[in-house]
**Q** 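Below you will find the structure I want to go over with you.
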Amino acid sequence: MRLSRRGLLRAGLAGTAATALGGLASGCAVPTGSTGRNMVLWYWSGGLSDTVVKKAKARYDSSVDLDAIQIGGYYRSKLITTMTGQAHIPDIAGLKGEDMASYLPNADQFVDLRTLGAEKLKSQYLDWKWQQAVAPDGSLIGFPIDVGPVVQYYQPAVYEKAGLAYEPDDVSSEMNTWDKFFAAGEQLKKRIPGTYILTDVGSVFEMSIGQGTTRYVNRDKHFIGDGEHVRVCWDRAVEAKRRGIVSDLVTGTPDSISATEKGRLPSQLNASWAAGDLKLQYPKTKGRWRVANCPGGPSNVGGSFLAITKACREPEKAFEIITWLLNADNQAQGFVDAGLFPSTPASYDMKKLREPDPFFGDQITMDVYGPAAEKIPVAFNSPFDVALGQPIKDEIKNVGVLGKDPKKAWRDAMSKCRRIADHLGVSH
Amino acid sequence: MATVPLVEKPPAPAVEPPTPNPRKSIRSYWRLYAAISPFYLLFLAFGLIPVGFSLYLSFHRWDGLGSMQYAGLSQYKYLLSDTDFWSSIGNTIIIWALATFPMIFLAMVTAVMLNSAVRFKKIYRFAFFLPNVTSVVAVAIIFGSVFSTNFGLVNALLQAVGLDQVAWLNTPWGIKVAIATLMTWQWTGYNAIIFLAGLQTIPGELYEAARVDGAGPVQTFFRITLPMMRPVLLFVLVISTVTGLQSFSEPQVLLQTTANESTFSGGPDHAGRTMVLYFFQQTFDNNDFGYGAAVAWGIFLVVVIFSIINWRLVQRRGED
């Protein structure tokens, strides 16, 4: 058929219009989720071990087409947009630990993993981590990937020079309380002027909160951030500032990086996964670091879950894949590949996790991480914790960085919290 | 769309033309309407409907996943009493002013210098445009080290001339100045190019006449160049208002902090938290989509007010 120029134009326009209209319509009309054969898994870069994902694809090749997609950018908002849009919802979705509390009130959007036999596997996972994925109605919506036990990373050469304990076991036992840690900080500053044991007060506050069993909002939707347990953490952070053991540098800036390389900021309180950041940020300091316990006891930052969405056509198959991906063996691989600290205690004794780490002077870091991970207290995470914890964290930062009067800062934080609580319908 | 006639109406013809039938004209012009339709369809789907939805959303409470609850005007009531929102407006305007006025001055100087005969003119024009097409994120990372307290270039210069160090990214004013400097650096070249285009439309005869009348270069600049450039100046002001009120990536990347802190907090005392940053924090950090939508409409109102001021400015100048 010969097509005239005008005819071609007309056909093209009609096509465009049809596509545009079709696109509009498909949002509501096309069935959601998988066809059964397809199994779409969403996670983020570094969220799972690439080796394990590859192995899973090969393993389940005969029954499903496992399509594991790394979603870049702001993961949570992409996931909830897709779920709200009711189209192209992944069958299996990664849920980040810090977002977990906000998914729990919407447990009906996910498959209750208890119905698939999750309870049988419960004993293999860290109990406190398991509890974080239990929704108010008792359903289990996430299966634990990793955890983030907090430790003290430090440079032994600097500690030794300051006359402090410098072997990991000695540091763990001689700086086991916040008070002893602060005293060590004072000695460090006195012996080596210009050296600070803490970069900012925020980490003291944050890790202290993580060591407790209560946070900012309780199960009854009541604001408890003005309680004694928060006040103690606040006072502790203020105390660190008062004793002059906190630097005035901002974490992550070229200033703090340079100071860390020179041994002026010889320690960091951070989660297990921060070891990867240390290796990336300070390659020159290889061998100059060790790992010891966090003062005041174990705490947790981060660590994620895998969930099965309601759009999944074959939840049994999805559950089989998830439990295989996250068994003790594969979690150990996740630690080796991506620094994902296993939520399966059985992994901690495995040979590949007990390799000496040259970055940490051939220390077997698992000896510190493992026991810390098992002792993390169970805390209730409310979906309102983010909004109501932020003003307190902001104000402690103002105390630390700007030297704001702590009393005024606390008053400001509390009045802001009450205002936000009123707005969100949280009682106080 | 534009209804202002571009040319003056021709005198009425002696014979009345047949009155046009609107329905018939739509039918006979359908190809033209069809040709421009993809834009309108896409705009409807990805522009107008989301805008309408955000208005609907602002009257509800919604965590993004569950069901929405009607909340009436409560989100707006809270917005009016929300000191954080007001301070974010203040921050935005201060940063905008700190960035825009030096920028316009520098751009004008650059443009005038470029306009006078120099060699390698094209290379300069290219070089001046370059900051504008560089990724904001990359720029902000560089500026983060330029403004760092102990090892930054700015503090090194200050110390070289015997002044004290300033903790740029640690003090409320330092943060604002750092963000404004970044924006100035980014937009000066772009606006200089626009000014240059404006300068080249000024007829040479005016300058010749001025020279004949014995005007010096300063007088020429203030009496001829500046008045003739007024429309271009206003255009630049409007564009910079629009970009300045939307500043988001600059403070976000410049003041990026550790993992256990919000990246939208805007640094100590929220000194760098702009309106859009605040919107983002409320919506995506707190999962408060209803309130986020209300904040977005609050921002919209601020932009409308600024636009009206701009427009009045243009109107008055036009009457002069």
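Just so it is clear: chains get the letters A, B, ... in the order the sequence lines come, proteins before strands, and each one is counted from 1.
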**Q** So do the side chains of B/W62 and A/T84 get within less than 4.5 Å of each other, counting heavy atoms only?
**A**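 With C-beta onward as the side chain, the pair touches.
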**Q** Based on non-hydrogen pairs under 4.5 Å, which of A/K404, A/E395, A/K416 is most in contact with chain B?
**A**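 That would be A/K416.
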**Q** Specify the closest pair of heavy atoms between A/K397 and B/S265, including all atoms of both residues, with the distance to one decimal.
**A**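 Here A/K397 and B/S265 meet closest at NZ-OG, 4.1 Å.
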**Q** Does atom CG of A/D137 have more than 12 heavy-atom neighbours, drawn from other residues, nucleotides or ligands, at distances under 6.0 Å?
**A**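 For A/D137, atom CG is crowded (more than 12 foreign heavy atoms under 6.0 Å).
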**Q** With rounding to the nearest 0.5 angstrom, report the CG to CD1 distance, B/N287 to A/I80.
**A** 6.0 Å
**Q** Under 3.5 Å, side chain of B/N170 to main-chain N/O of A/D248, donor-acceptor pair present?
**A**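 Yes; judged by distance alone, with no hydrogens or angles, the pair exists.
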**Q** Determine the minimum heavy-atom distance between A/H423 and B/R61, stating which atoms define it.
**A**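 Looking at all heavy atoms of both residues, the shortest contact is O-NH1, 2.8 Å.
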**Q** Could you look at A/Y74 and say if it's the side chain, the backbone, both or neither that has a heavy atom under 4.5 Å from chain B?
**A** side chain
**Q** Check each atom of A/L424 against the heavy atoms of chain B and say whether the ones under 4.5 Å are side chain, backbone, both or neither.
**A**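 For A/L424, heavy atoms of backbone and side chain both lie under 4.5 Å from chain B.
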**Q** B/L65 and A/Q109: which non-hydrogen atoms are nearest, and at how many Å?
**A**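 Smallest interatomic distance, heavy atoms only, reads O-NE2, 2.9 Å.
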**Q** Is it the side chain or the backbone of B/F46 that comes within 4.5 Å of chain A heavy atoms, both, or neither?
**A**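 Neither; nothing under 4.5 Å.
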**Q** Which distance, rounded to the nearest 0.5 Å, do you find between the OG of A/S77 and the CG of B/D285?
**A**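 Those atoms lie 11.0 Å apart.
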**Q** Measure distances from B/T171 to the heavy atoms of chain A and classify the residue's part below 4.5 Å as side chain, backbone, both or neither.
**A**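 For B/T171, the contact with chain A is made by the backbone alone.
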**Q** Determine which residues belonging to residues 75-86 of chain B lie within contact range of chain A, meaning some heavy atom pair is under 4.5 Å apart, and list them by number or answer 'none'.
**A** B/Q75, B/Y78, B/S81, B/D82, B/T83, B/D84
**Q** With a 4.5 angstrom heavy-atom cut-off, is it the side chain or the backbone of A/D255 that approaches chain B, or both, or neither?
**A** both
**Q** Pick from A/I420, A/L402, A/V386: which one has the most heavy-atom pairs with chain B under 4.5 Å?
**A** A/L402
**Q** Please find the pair of heavy atoms, one from B/D63 and one from A/R76, that lie closest to each other, and give the distance.
**A**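 The answer is O-NH2, 3.7 Å.
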**Q** Under 4.5 Å, heavy atom to heavy atom: which of residues 97-106 of chain A reach chain B? Give them by number, or say none.
**A** A/S102, A/Y103, A/N106
